[in-house]
Amino acid sequence: MTIAALAPLFLYTKSLHVIAVIAWMAGLFYLPRLYVYHCQVARGSEASERFKVMERRLLKQIMTPAMIATWCFGILLVLTPGAVDWTAPWWHVKLLCVILMSGFHGASSKWRRMFLEDRNTKSQRFYRFANEVPTVLMIIIVVMAIAQPGG
Ligand code: HEM
């Protein structure tokens with residue numbers, strides 16, 4: 001199903017999609033790094049309380065609205081005539097990675113709640129590793145969307 005009225009807006013919709021992606025990615029790269037630093041300070045300390053404020057603002061004011069905007073403009077692109085070739089393998093790989101990225105966002109949100117309640121049990125090493133997940137997914141998604149391997 002496509003909506004003909006979206007065709008003349010295609011490049012603007014795509015621009016807004018990429019702008020939202022940039023804001024979402026910035027947060028996904030930085031939030032696990034904040035968790036690495038948060039692990040290094042004592043529970044209940046002034047520094048810990050400051051990290052809680054930074055984590056809440058980053059997630060609620062930037063990352064979640066940016067993720068919603070990425071999905072909304074992405075879906076508008078899907079509904080634009082001729083934008084997606086459903087038989088192309090790259091599209092399916094991109095979609096799978098985007099779903100995994102959204103899952104990582106959900107996990108990051110859960111970890112934030114654990115820090116908020118002073119119940120974090122995960123190590124610095126864990127968050128350093130977690131930091132690499134959105135990077136790998138982003139590289140795959142951008143190569144799929146732009147180089148479109150396999151046509
Ligand atoms: C959230 C779900 C998403 C949906 C439904 C979606 C869908 C789409 C669609 C249909 C296009 C237009 C393809 C074309 O030009 O014909 C597009 C373009 C693009 N998307 Fe997404 N996308 C999503 C998330 C993402 C994410 C997370 C990233 C990056 C990490 C991304 C990066 C891009 C890029 C770079 C383009 C421009 C490709 C080009 O035309 O050169 N998208 N997206």
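Just so you know, ligand 1 is whichever comes first in the structure, and atom 1 is the first atom listed for that ligand.
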Using only N, O or S atoms, tell me which atom of His17 is closest to atom 21 (Fe) of ligand 1.
->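 In His17, the N, O or S atom with the shortest distance to atom 21 (Fe) of ligand 1 is NE2.
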Of the listed options (Ile99, Ile75, Leu28, Val21), which comes nearest to atom 30 (C) of ligand 1 when hydrogens are ignored and any heavy atom counts?
->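 Considering heavy atoms of Ile99, Ile75, Leu28, Val21, the nearest to atom 30 (C) of ligand 1 sits in Val21.
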Which is closest to atom 36 (C) of ligand 1 in terms of heavy atoms, Cys97, Ala145, Ser102?
->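 The option holding the nearest heavy atom is Ala145.
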Of the protein's non-hydrogen atoms, which lies at the shortest distance from [atom], and what is that distance?
atom	result
atom 12 (C) of ligand 1	Leu77 CD1, 3.9 Å
atom 2 (C) of ligand 1	Val98 CG1, 3.2 Å
atom 41 (O) of ligand 1	Ile146 CG1, 3.7 Å
atom 15 (O) of ligand 1	Lys14 NZ, 2.8 Å

Can you confirm, on distance only, whether ligand 1 has an N/O atom lying under 3.5 Å from any N/O atom belonging to [X]?
X	answer
Thr70	no
Trp91	no
Lys94	yes
Ala83	yes

[X] heavy atoms, cut-off 4.0 Å: which ligand 1 atoms fall inside?
X	answer
Val84	10 (C)
Phe10	14 (C), 15 (O), 16 (O)
Val78	10 (C)
Gly74	4 (C), 5 (C), 6 (C), 7 (C)
Trp24	27 (C)

Out of Arg43, Gln124, Arg33, Glu55, which one pairs with His38 under the side-chain hydrogen bond (donor to acceptor under 3.5 Å, both in side chains) rule?
->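 Going through Arg43, Gln124, Arg33, Glu55 one by one, the side-chain hydrogen bond (donor to acceptor under 3.5 Å, both in side chains) with His38 is satisfied by Glu55 alone.
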Ignoring hydrogens and angles, state whether a donor on the side chain of Asn120 or Tyr127 is under 3.5 Å from an acceptor on the partner side chain.
->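 Yes - a donor-acceptor pair under 3.5 Å links their side chains.
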Determine, for Arg50 against Glu46, whether the closest basic-nitrogen to carboxylate-oxygen distance falls under 4.0 angstrom.
->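 So Arg50 pairs with Glu46 through a salt bridge.
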Charged N-O contact under 4.0 Å between Glu49 and Lys52 |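 A salt bridge is present here (some side-chain N lies under 4.0 Å from a carboxylate O).
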Connected via hydrophobic side-chain network under 4.5 Å: Ile146 and Met101 =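 Both belong to a single hydrophobic cluster.
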Whether [X] side chain and [Y] backbone form a donor-acceptor pair below 3.5 Å:
X	Y	value
Thr64	Leu59	yes
His17	Thr70	yes
Thr13	Leu9	yes

CZ (Phe29) with more than 12 external heavy atoms under 6.0 Å =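 Above 12, so yes.
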I would like to know whether Trp111 and Phe126 meet ring pair (Phe, Tyr, Trp, His ring centres under 6.0 Å); could you show each step before the answer?
-> CA-CA 11 Å; Trp111 299 330; Phe126 174 85; 5.2 Å; yes
